[in-house]
Amino acid sequence: MSLEHLFNGLMLGMIYVLIAIGIGMIFGMMNFVNFGHGAFYALGAYLAYTIGAAGGSFWLALVLAPLLVGILGTAVERTLLQPLHGGEQSLHLLVTFGLALICQELTILIWGPIGKPVSVPAFLRGGVDLGFTVYPRYRVFVVAFTVVVALVLWVCLERTRLGAIIRAGTERAEMVNALGINIGLVFTSVFGLGCAMAGLAGVLAAPLVGVNPSMGMSVILLAFVVVVIGGLSSFAGAVVGGLLVGVVQALSTLYIPAASELVIFLVMAVVLILRPHGLMGQV
Amino acid sequence: MSARLRPWLLPRRLMTAGGVLLLIGFPFVFSSLLATEFLTWSLFGLSFNLLLGYTGLLSFGHALFFGMGAYGLALSVIYLQTPMPVALALAVSASALTALLVGMLSIHRGGIYFAMLTLASAQVFYFVVLSWTEFTGGDNGLSLRGIPVSVRRVASWQLDSPTAFYYFVLAIFLVAALFLWRLTDSPFGRVIQGIRENELRVRCLGLHVERFKLVALTISGALSGLAGAINVIQVQYVHPNLSHWSVSGEVIIISLVGGSQSFFGPVVGAAVFVFLSDYLSRFWDRWILVLGVIFVVVTLYMRGGIVGALDAGRCRWTSWIARRRRGAPLKARGTAETARR
């Protein structure tokens, strides 16, 4: 087992972390299961491709794509998903599954069924000598960037007033409302933020895995595995779960390529049986 | 709401007989191949709805049972060279066993955990079948043509023609549907509906909730496997795609669009799905988009699906008729409720 593969796992894991944080925040705050999160991830990647194809730089895409995805997510939440709040979780799962399916077909309609390439920005090409190996610069960037983003988010949640409101909303939404804070506005912003994170993950992943219509559906499954393993509404859980899944996936692809997908689900099954609320979830 | 108290539109027996006659006459109007596909999906949907509509458990991995039945039949015909009826029995047993095993792991957690665990199990099966190339043919699948045993042979009948095979499938479908109907109307059926409505109450009544859920899941899995096996006999080919998550999605869609709160909802949904896919796919590659839109609209605004909407319409119609007869004013509020009992 080389450190290089471990690093690959960390990089994969951090991308999952970004997506899982989004799902976790949305679930923790609004008790809403968003099965369409993968669609926002795919949208971010496709927007990165479009911006790149229109002549924009990668850095522009890095800022613009998550913004657009976040706005779209907010719009979807406001229009379609409002009546579902407070209802059955199965219903959320079903509606967002339907929306994800529609989104997948729309991306094929707009961009075509074949995958599109997104190239690594010139600044980040080449390798970095990390001592134990020469590692692709872009991957180092992805890890560093996602760690920074996760840290910034964590600091916002733990140290700012808005973060306190969000955390309070996770525990007692009605109480926050009763204290005079417009919880509906907070809900919608959290949803938009979660979607923006998924879009950001999509932009980052685009040069690595390419852009194709089924990327949304394939990532959502893994994202839910991460969230379930880590604990549905725990920030630390999303991080731990994401890193764990990323590393396990990288290592199993190395040692048992045929069964790499299998291993992840077995891990999830084991975790669910032994610790039903996830590794870091509260009962 | 008991089925025997009042006629739906016409007396229920008449409607059932009419439905059966319609099914018998299908091949003369539509292609037998399409009709068989319709029956396969109806069976799949009915067995899925036993779990969703009647027990209240949402499974996102029913493609597992469909695929297990498909591969069970294919593998037993190819490697064990069993005649078709034996292979069918093996396929159904295999999927029942799978359902039992999956159930034992996932039945204790409800809601989205159950959905995720069933999805994960289906994915595990999908990847196993995809990778075990020596045994299952992997991405190339397995063809049932040219093997020693004729898979379309039952006793002394050779069911090679699509029409003959359709009637064979129709017979199986009617038996299975009758079984499910009697099951949902039995004490067992009442208990699982009780579990759907108020699980805690059922538990407090002293009934072993997990055991009932497990039995429901096993039956559902077994009949889904039967549907999968029939599908393989029809197309003479088996491929890992039969247990892809999109198949799980499709059975969910047909059950909800048709109406998960009624017995025949999934049959209506299957009809919509099969005929829509056949008709639309000729004009538009992205016809699934239409299906997705219908699905979202139904789940958001028409919880009872098509059957539910027809039912609501029927209530308004019969109450309108009743008020006409009484000479009451035509426009009144809240009439659906007063007309119900």
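Protein chains get the first letters and strands the later ones, always in sequence-line order, with residue 1 at the start of each.
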Pick one of side chain, backbone, both or neither for [X], based on which atoms fall under 4.5 Å of a heavy atom in chain B.
| X | value |
| --- | --- |
| A/Val95 | both |
| A/Ile264 | neither |
| A/Leu91 | side chain |

For [X], is it the side chain, the backbone, both or neither that has a heavy atom under 4.5 Å from a heavy atom of chain A?
| X | value |
| --- | --- |
| B/Ile294 | neither |
| B/Val128 | both |
| B/Ile253 | side chain |
| B/Leu289 | both |
| B/Phe60 | side chain |
| B/Val296 | side chain |
| B/Leu119 | side chain |

Enumerate the salt bridge (Lys or Arg N to Asp or Glu O under 4.0 Å) contacts for residues 295-306 of chain B, please, sequence neighbours excluded, ordered by first and then second residue. none
Ring-plane angle category for [X] and [Y], please: parallel below 30°, perpendicular beyond 60°, tilted otherwise.
| X | Y | answer |
| --- | --- | --- |
| B/Trp41 | B/Phe44 | tilted |
| B/Phe38 | B/Phe275 | tilted |
| B/Trp132 | B/Phe135 | tilted |

So which of A/Val228, A/Leu109, A/Leu101 has the biggest tally of heavy-atom pairs under 4.5 Å with chain B? A/Leu109
Under 4.5 Å between any side-chain heavy atoms of B/Leu180 and B/Phe263, yes or no? yes
Taking the side chain as everything from C-beta on, heavy atoms only, tell me whether B/Asp311 gets closer than 4.5 Å to B/Gln261.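 They are not in contact (no side-chain heavy atoms under 4.5 Å apart), so the answer is no.
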Spatial distance of atom CD1 (A/Ile21) from atom CD1 (A/Ile26) [nearest 0.5 Å]: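 Going from the CD1 atom of A/Ile21 to the CD1 atom of A/Ile26 covers 12.0 Å.
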Ignoring hydrogens and angles, tell me if any N or O in the side chain of B/Ser220 forms a donor-acceptor pair with the backbone of B/Ala216 under 3.5 Å.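 Pair absent, no side-chain N/O of B/Ser220 close to backbone of B/Ala216.
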I'd like to verify something: which residue of B/Phe295, B/Phe114, B/Phe125 has the highest number of heavy-atom pairs under 4.5 Å with chain A?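 That would be B/Phe295.
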